[in-house]
Amino acid sequence: MNFKPRAVANKQNQQSKNNTASTSPSSSISLASSLTDTQTTTATTNAHPQPTASTSKLQLGAESDSESNKQLSDAQKVKKEKQLAAATAKAEAQEASRLQEILSTVETSLSDYGLSMFKSSGLLEKLKQSHDGYIHLQQILNLPPVAALAKTQFDLQKALRSHPSSLVELSESGFQLRRTTPPDYDLLASLTPEDWDARYLYLENIPQVEVPGKPHTSSTLVPFLSTLLNTPVTRVILPPLFDPLNPSLHEDRDEAEADSQDPTGQSFAFAQSQLKDKDKGKRKPYRGLKLPTGGGSFKGFAFVVVLGDRRAVDRILDKWVWEREEEDEMEEEESVEDDDEGDDDEGEGSGDDDGEGGQGVKKVGKKSKKEDKFDHVKAARRSGFRALAYSKFLDLKREYFSYRRQIESIHESRAQQTKNYSINKRDNYHSRRSVSPPAQASQSQNGTASKRWSQADGQEEEPLRAKIVEKWGHEGFQRQSARPTPSARHNNNSNNTNNNKRPYQHTRLQESKPPSPHAVELTGDDAVNFPGAFPTGCVLWIRNLWLKSTRSSLRNMFEGLLEELEEGYRKGVEFIDYEKGLDTCHLRFSSSHLASRLNDHLNSTPLAHTAPAILTPFAEVDPSLANSASDPIHPLTSQVLAGSRERLYWENLPEATRREARKFAAGPATVAEVGKKRRKLGHAGDNPELKKKLIEEVVVKPTAVVAEGEPPSSDGPEQTERKRKRASKFS
Amino acid sequence: MERPQKKQRFDFDSPTLEPSPPKPKTYYQPRETAPSSSNARSTSLSTSAPLESRRDASSGRSTSHVPDRGNYRGYYTKRKESQMDPDVRLAKIPKDWFKGARVLDVGCNSGVVTVEIAQTLEAARVTGVDIDGTLIGQARRYADLAWSRQTPSQAIKEALDESIKDIPPHIIKVPSKKKKPDLFHFPMAMPQMFGSLPAPPRDVLTTYLENEEVETVGTIQRGKRRVMPTEILAFPDNLRFHVANWPQESIHTDRKGYNMILAFSVSKWIHLHGLNAGLFQFFSKCFSSLLPGGRLILEAQPFSSYGKSARFSGELKANWDKLREDGPDKGWKNEDGDFERVLLEEIGFERKESLGSTGKKGFQRPIDVYYKRQGSYL
């Protein structure tokens with residue numbers, strides 16, 4: 001887009017000065033108007049630069065200002081000038097890129113390619129009919145792609161004058177336009193889009209000969225490649241390079257979509273105009289590769305459109321063959337290139353600029369007398385220049401993406417294995433938990449109850465575990481049981497035992513990172529009351545959703561699914577974080593049990609999301625649909641958020657939401673350290689007594705706040721009382 | 001003075017595989033002609049050079065790049081006939097030497113040769129080391145590109161078929177006529193426009209090379225003993241690059257030793273910077289890093305080419321003068337067989353073999369192999 005903004009802007013500067021001197025009527029009008037209102041418009045145009053002739057206005061205004069505003073103090077003047085300069089620079093750059101856009105659109109429309117591909121525009125006929133090859137600007141302006149960018153003939157004039165064009169030229173009057181080289185009307189008229197297909201070529205290892213030390217641009221490549229290929233090249237496309245920050249732009253998808261990405265670009269304009277054409281059937285899938293001008297820099301490869309018959313194309317493909325047989329071509333070439341390199345050792349002479357350029361210097365210097373073409377061919381042989389038909393390129397592109405997909409799915413399946421392992425672990429955890437009473441929330445109300453249960457649990461745990469180990473002989477279990485039971489050490493609180501085991505489970509997993517060193521896990525009352533804490537394992541991340549889902553459709557679907565799995569828990573889906581157009585969402589459940597239940601279900605039976613509220617077993621999906629290259633269907637995958645991702649999720653929610661969630665979940669909760677006290681808490685680590693103490697400090701004060709949802713009963717003070725008692729028990 | 005210092009370094013960084021061969025003291029004697037005091041001398045070789053190298057590496061990005069260590073930019077675009085052809089020097093080396101070998105490429109520049117070894121010659125581990133960080137960056141990108149361009153690996157497809165049953169494979173059948181993988185299967189536009197391919201999990205491409213049983217001769221146990229198969233990592237995994245001034249700094253792959261060390265066109269720069277002592281240090285580092293039976297493949301520049309290279313800095317010029325003139329620092333000349341004499345008689349290599357010479361005029365240099373003795377470490 002920003003095509004040499006500085007250089008063009010300068011040119012533009014001169015251009016507008018010339019305009020004032022010359023006879024162009026419209027520009028002098030705009031100048032006159034600008035002289036009157038520059039004072040007021042400068043500030044506003046800064047914010048909203050008018051797309052029309054505002055730059056020249058501003059610029060000239062700046063010049064006239066300095067003369068007329070003598071009443072302003074110097075300081076004000078300087079300040080004003082600075083602002084003006086900034087404003088003009090910005091507007092200039094924008095204007096320049098816009099003009100560039102217009103110019104290249106006009107050039108494309110009038111190029112052989114454009115004239116032939118968009119025959120329905122009638123431009124070719126009009127050119128043919130006009131006796132001297134000139135065509136009026138208004139007719140250009142009527143072309144839909146141009147009309148999308150330029151509003152007036154004046155715009156067109158400016159664009160055409162802004163940059164010298166090798167393809168089109170303005171008449172002296174400034175209202176007529178023609179091609180510098182008249183096109184071959186009959187050939188262009190006879191070419192169908194299918195003919196153009198064959199003329200698309202991909203070239204790589206293009207040698208750097210033309211301008212040594214400077215990379216090629218599309219304008220230097222056209223003559224160079226024309227000589228090298230011995231065929232006229234009408235278009236050179238240098239695509240933009242992969243941007244790791246914005247990988248989605250380069251994804252393999254329908255080219256039409258890629259076009260709509262940039263509604264200001266000329267490719268979009270062409271696409272729009274073509275939709276109006278009657279022959280929609282002939283729409284080319286290659287449209288997407290027509291990238292905006294200046295989109296990419298030269299990296300040794302280019303897409304070109306050559307003008308020549310089939311034989312010429314075949315000759316190119318034969319000469320610069322893509323897949324070379326083992327060294328038969330090289331032998332014959334070696335006799336030609338022999339003498340001139342390496343007479344200075346290692347060529348240190350050109351060591352300080354990039355090597356490709358350095359090579360060019362020598363070549364050009366030594367062989368300038370010889371024939372250009374010979375030189376080009378030699379350099380091309382040396383660099384391994386080769387050509388590929390564009391259709392083959394697209395085949396390879398498809399292969400490339402499917403290959404990438406293969407590698408990725410290997411990684412995914414590995415991750416899946418790890419995850420399955422973690423699911424087993426989690427199941428173990430829940431099977432043990434379900435032995436303890438379901439209504440854990442009652443603990444917070446009833447201190448004695450919790451005590452009783454904890455003792456019961458402590459006694460019950462050992463035989464139960466032994467039973468499970470006996471039954472399943474699971475490796476993970478054996479390891480767990482091999483550890484000394486924490487309940488033996490302190491069986492005051494049943495949850496404490498769970499709590500101590502959790503980090504151990506986490507360390508076994510690769511995918512869900514262990515909680516950060518300062519994250520603290522809480523249980524029982526603390527889990528409910530601790531401000532800032534969030535219930536653990538309640539958020540599910542689901543991918544590969546149907547792209548056109550809405551939040552309500554997702555809610556209906558998942559609630560239905562949950563109802564099926566766990567009767568009566570339809571309302572277990574607390575919240576759905578989903579943005580339209582994405583294929584991922586976050587589901588928040590009221591308890592971690594429900595989250596893991598759904599997670600297990602999705603992971604054990606692959607389901608595909610094929611319609612708003614329909615989940616099909618993946619095995620029943622039509623395989624042709626599932627494997628289609630453009631829009632393959634994947635089964636839903638889900639993952640319980642853990643570690644830092646879970647923390648981030650909760651951190652973005654308001655405290656009120658977290659409090660509600662804690663209350664409902666009534667399970668273990670995690671708190672990420674924030675303040676000083678909490679950091680201390682983090683350092684307390686496994687030492688349960690120190691931890692308790694610190695938790696007291698934080699929790700005791702805000703109990704009133706926590707309890708505010710309930711009627712202001714005597715509960716608050718009672719709780720604190722109880723906590724104190726318990727704390728004293730520890731100390 | 002030098003020796004204990006150096007020994008300390010080695011003890012700290014890596015256990016030496018081989019007790020150092022007897023080194024003649026003469027090379028570590030202070031130079032009488034040098035006007036430096038004894039204090040300055042202690043920092044002469046082993047400390048000053050790494051510092052310099054670090055400066056070198058950091059200034060690599062600056063606009064005025066001086067390739068005073070042979071760290072030319074775009075070296076291989078000059079050196080190679082065509083970018084798509086294999087390196088001529090590698091072609092001289094028998095292919096089976098590389099199979100399953102641990103290879104070190106000293107002074108790898110932008111890694112073209114290093115990548116070729118890793119990609120086509122089935123080496124188990126390939127390490128490229130260069131003093132210039134910018135070049136190593138280029139080398140890593142080049143390796144990425146090379147991986148993304150080669151023919152899809154059959155092993156990946158098989159691994160996919162095996163491991164994934166519930167996830168759809170998304171396989172498009174690709175007819176594979178050729179047995180030999182095409183290194184330039186995909187256009188180079190693809191990694192550049194769509195991003196390069198991720199490397200597969202390590203074990204997918206790893207193969208194992210069966211080793212022959214070894215006859216053991218001992219008092220307690222006699223007879224055949226099975227040897228663990230060698231793990232051969234495939235291309236993207238078997239390649240690592242490091243920025244280091246290798247003769248003086250050790251890198252972690254040194255610990256396990258190498259079967260082969262390639263020193264292509266680096267001896268001149270080491271010689272010019274460190275004089276005979278520096279070169280000796282380099283040779284002995286090569287020797288101690290090689291496994292028993294290992295090979296040092298040396299492509300040394302002729303002494304006559306030193307003069308041109310010395311122009312990059314005043315220090316090099318001074319060193320060049322020292323090397324040229326008669327005196328204690330008179331430089332060894334490869335042409336006159338000095339290198340051979342030092343390597344065989346003083347460093348301790350067993351024998352030398354010549355692989356012929358490659359290149360035209362300016363690049364025409366002999367390639368020699370020096371063998372380290374077979375046997376155990378002790």
Side-chain angles (χ1 to χ4, degrees), chain A residues 202 204-205 239-242 244 247 250 252 299-301 323-324 327 330 334 338 341-348 351-356 358-359 381-384 388 393 396-414 416 606 618 626-627 629 632 634-635, chain B residues 64-67 70 72-79 81-85 148 152-153 156-157 159-160 163-164 166-172 174 178 180 182 184-201 204 265 301 305 308-309 311-312 359-364:
Chain A
Y202 165 76
E204 73 175 25
N205 294 337
L241 298 188
F242 180 71
H250 307 269
D252 186 25
K299 290 282 174 202
F301 61 88
E323 286 180 61
R324 283 199 288 180
E327 44 201 283
M330 290 322 294
E334 275 190 30
D338 207 20
E341 69 269 18
D343 41 355
D344 65 336
D345 173 48
E346 293 186 1
E348 286 96 332
D352 43 355
D353 59 17
D354 59 331
E356 286 164 18
Q359 182 182 318
R381 280 269 178 249
R382 231 186 113 96
S383 67
L388 184 70
F393 178 86
L396 282 173
K397 182 180 166 189
R398 235 165 278 134
E399 191 189 338
Y400 188 79
F401 276 97
S402 83
Y403 184 42
R404 173 145 85 187
R405 179 73 206 143
Q406 283 175 18
I407 300 175
E408 278 166 359
S409 48
I410 288 184
H411 280 291
E412 274 168 23
S413 74
R414 296 288 161 91
Q416 190 80 14
F618 190 70
N627 296 339
H634 304 295
Chain B
S64 60
H65 166 71
V66 180
Y72 302 108
R73 303 284 189 261
Y75 178 71
Y76 289 108
T77 55
K78 300 196 63 58
R79 178 91 203 231
E81 272 303 310
S82 158
Q83 327 252 307
M84 305 186 56
D85 288 343
S148 301
S153 152
I156 287 180
K157 223 164 283 173
L160 201 65
S163 69
I164 308 174
D166 47 342
I167 290 185
H170 300 278
I171 288 180
I172 292 179
V174 184
K178 279 195 212 166
K180 213 176 161 192
D182 183 358
F184 305 103
H185 178 75
F186 290 118
M188 71 190 198
M190 301 213 170
Q192 303 216 35
M193 284 168 67
F194 316 122
S196 39
L197 294 171
V204 172
S265 300
Q301 296 101 323
S305 72
K308 223 169 229 166
S309 313
R311 69 175 187 273
F312 288 119
K360 293 155 197 158
K361 283 183 186 170
F363 288 116
Q364 189 167 20

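Order of the sequence lines fixes the chain letters, A, B, ..., with proteins taken first and strands second; residue numbering starts at 1 for each chain.
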**Fill in**
Whatever's closer than 4.5 Å to a heavy atom in chain B on A/Leu388 counts as side chain
**Message:** Has A/Glu204 got a side-chain atom pairing as donor or acceptor with B/Met188's backbone, closer than 3.5 angstrom?
**Reply:** yes
**Request:** Keeping the roles fixed (side chain from A/His411, backbone from B/Ala199), state whether a donor-acceptor pair exists under 3.5 Å.
**Result:** yes
**Item:** Exercise: identify the closest heavy-atom pair between B/Pro187 and A/Leu396
**Value:** CD-CD1, 3.7 Å
**Asked** Where is the tightest heavy-atom contact between B/Pro198 and A/Arg404, given as atom of each residue plus distance?
**Response** CD-CD, 3.9 Å
**Request:** Any chance you could lay out the side chain to side chain contact (heavy atoms under 4.5 Å, CB included) test for B/Met190 and A/Phe393, step after step, and finish with the verdict?
**Result:** CA-CA 9 Å; B/Met190 301 213 170; A/Phe393 178 86; 3.8 Å; yes
**Asked** Rounded to the nearest 0.5 Å, what separation is found between the CG atom of B/Leu197 and the CD atom of A/Gln406?
**Response** 10.5 Å
**Message:** Within the structure provided, determine whether A/Tyr400 and B/Pro152 are in side-chain contact (heavy-atom separation under 4.5 Å).
**Reply:** no
